[in-house]
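To keep things clear, I will list the structure first and then write my remarks on it.
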Amino acid sequence: MTSPKTVFIETYGCQMNEYDSELAKSILKNNAFQLVDKETQADVVMLNTCSVRDNANRKVFNRIHEIIHSSERKDVKIGILGCMATNFRQQLLDNPKLKIDFIAGPDSYKQLPTLIHDLYQTGKKSFDVTLSEMETYSDIEPSRNDGVNAWLAIMRGCNNFCTFCVVPYTRGRERSREPQNIIEEVNRLVDAGYKQVTLLGQNVNSYRYEDDRFVDLMEKVSDVAGIERIRFTSPHPKDFPLPLLQLMAERKNICKQIHLPLQAGNDRVLDKMNRTYNQAEFLEVADQVYKTIPGVVMTTDIIVGFPTETEAEYLDTEHVIKAVKFDSAFIFKYSERPLTRAAKQFPDDVSEEVKTDRIMRLIEIQKDISLERHESYIGSVESVLIDQIGTRRDSEAVRGRTDGGIITSFPFVDGLALGQTVNLAIEGASPNLLRGRVVS
Ligand code: SF4
């Protein structure tokens with residue numbers, strides 16, 4: 001076999017996966033591979049996968065079939081990266097219909113050049129899904145091309161073991177990067193013209209490096225001259241001490257946005273999920289956030305139909321979202337993930353029909369709340385960082401986000417550019433976005 005030269009990576013799932021693809025691209029570029037924009041131009045196609053939701057898995061399986069059945073792609077080599085690689089490695093490799101050639105888990109991206117070269121030399125399928133207690137990729141500069149927002153992982157893995165979640169099994173234990181190494185990367189991002197940095201971690205606010213906690217790191221990042229906006233995701237409600245909220249309120253460049261994953265509103269269900277807080281404690285955190293950070297925008301994640309969830313218990317979730325009034329919510333039906341405690345111990349006993357009914361009701365309630373929240377901005381002037389000029393439907397439309405992270409849409413005017421921050425007079429609202437016009 002000849003040596004492979006061109007690679008194409010397609011990414012599914014969360015921001016951490018986007019970031020991991022940037023790391024993998026960087027590793028491959030440094031090893032003389034050429035990255036291409038289309039799978040049809042590539043010797044090797046890699047799918048960086050997600051195992052968190054069932055539909056993400058299905059999408060990846062469909063995509064693999066699409067690639068191998070494409071007549072042009074008979075000789076293409078296919079690699080699977082990410083969470084699904086760890087979770088389904090044997091099923092993927094043993095399935096002759098899928099024709100998977102190699103697999104690399106989230107801690108094995110540095111092995112990619114070797115895995116690919118070995119495959120071309122020996123023709124043998126291989127995998128490396130070893131989980132590391134040390135790997136943070138702090139020595140790899142991701143291959144970024146966004147230009148406005150830079151993802152930056154400050155920690156990896158999770159120790160929480162929520163019973164529904166596969167992350168601790170596919171991404172391993174928590175480990176954090178050294179603060180100085182992170183600050184140096186933020187300085188390089190400023191030099192490269194990035195306006196915004198989003199700190200990433202499966203459990204980002206559990207960051208800990210020696211004596212430095214998340215609040216200490218945030219202060220250091222905020223002190224970097226030239227970084228206009230700092231965001232972070234995804235946090236756990238248990239790690240929001242008051243000093244962190246106070247720092248967020250004080251610092252102009254820390255965005256007033258908090259994602260506070262609720263998952264469920266009922267104490268028994270929360271306990272069964274191993275979320276480590278009850279409804280009253282969650283409401284207390286949300287209340288403290290609103291009191292300490294004026295104008296903060298809060299979003300959440302919710303799962304409906306967790307095993308044994310009754311109608312009355314589901315109504316507790318409605319109660320919490322009505323009480324907190326999140327700006328938006330990512331709402332999912334529970335789906336069993338292999339390896340998790342819930343999959344092993346709790347039969348998935350809430351019917352599909354009941355789950356669908358609950359999700360529809362919750363989406364309707366949240367839509368009304370989102371609209372009410374967004375309408376309250378009409379008449380105000382919001383500072384918006386432009387991250388898109390021209391949409392598929394309208395080449396003259398501009399998109400950006402407020403400090404709180406709400407998507408805004410407005411007409412183009414001369415002189416606007418990506419990465420520019422403009423003041424926008426808000427004139428309209430929908431549950432998903434704000435509409436306005438530039439006033440400066
Ligand atoms: S905190 Fe829970 S939901 Fe979040 S990554 Fe860890 S185990 Fe998964």
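Remember, it's 1-based here, ligands and their atoms both numbered in the order they're listed. Fair warning: this is a prediction, and the values are worked out from it, not measured in the lab.
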Report task. May I ask you to identify the nearest protein heavy atom to atom 8 (Fe) of ligand 1, giving residue, atom name and distance to one decimal place in Å? Result -> C165 SG, 2.3 Å

Query - Atom CZ of F330: over 12 foreign heavy atoms under 6.0 Å - result: no

Report task. Considering only non-hydrogen protein atoms, determine which one is nearest to atom 7 (S) of ligand 1 and report residue, atom name and distance to 0.1 Å. Result -> C162 N, 3.4 Å

Query raised in the report: What protein heavy atom sits nearest atom 1 (S) of ligand 1, and how far away is it?
Result: N160 ND2, 3.3 Å

Query - Heavy atom of the protein closest to atom 6 (Fe) of ligand 1 (residue, atom name, distance) - result: C158 SG, 2.2 Å

Query raised in the report: Within the side chain of S108, is there an N or O that forms a donor-acceptor pair under 3.5 Å with the backbone of A104?
Result: no

Query raised in the report: Is a side-chain donor or acceptor of N48 paired with a backbone partner of N17 at a separation under 3.5 angstrom?
Result: yes

Query raised in the report: Would the number of heavy atoms belonging to other residues, nucleotides or ligands and lying under 6.0 Å from CD of E353 be above 12?
Result: no

Query raised in the report: By number and element, which atoms of ligand 1 are closer than 4.0 Å to a non-hydrogen atom of V167?
Result: 5 (S)

**Report entry** Residue part near ligand 1, for P168, under 4.0 Å between non-hydrogen atoms
**Finding:** side chain

Report summary line: Nearest non-hydrogen protein atom to atom 4 (Fe) of ligand 1, with distance, is Q202 O, 4.1 Å

Report task. Please confirm whether Q263 comes under 4.0 Å of ligand 1, counting heavy atoms of the residue only. Result -> no

Requested in this report: Mark yes or no for whether D146, through its side chain, and N149, through its backbone, hold a donor-acceptor pair below 3.5 Å.
Outcome: yes

**Report entry** F161 neighbourhood, listing ligand 1 atoms whose heavy-atom distance to it stays under 4.0 Å
**Finding:** 7 (S)

Requested in this report: Would you name the heavy atoms of E174 and C158 that are closest together and state the gap between them?
Outcome: CG-CA, 3.5 Å

Report task. Kindly check if the number of other-residue, nucleotide or ligand heavy atoms within 6.0 Å of NZ (K367) is above 12? Result -> no

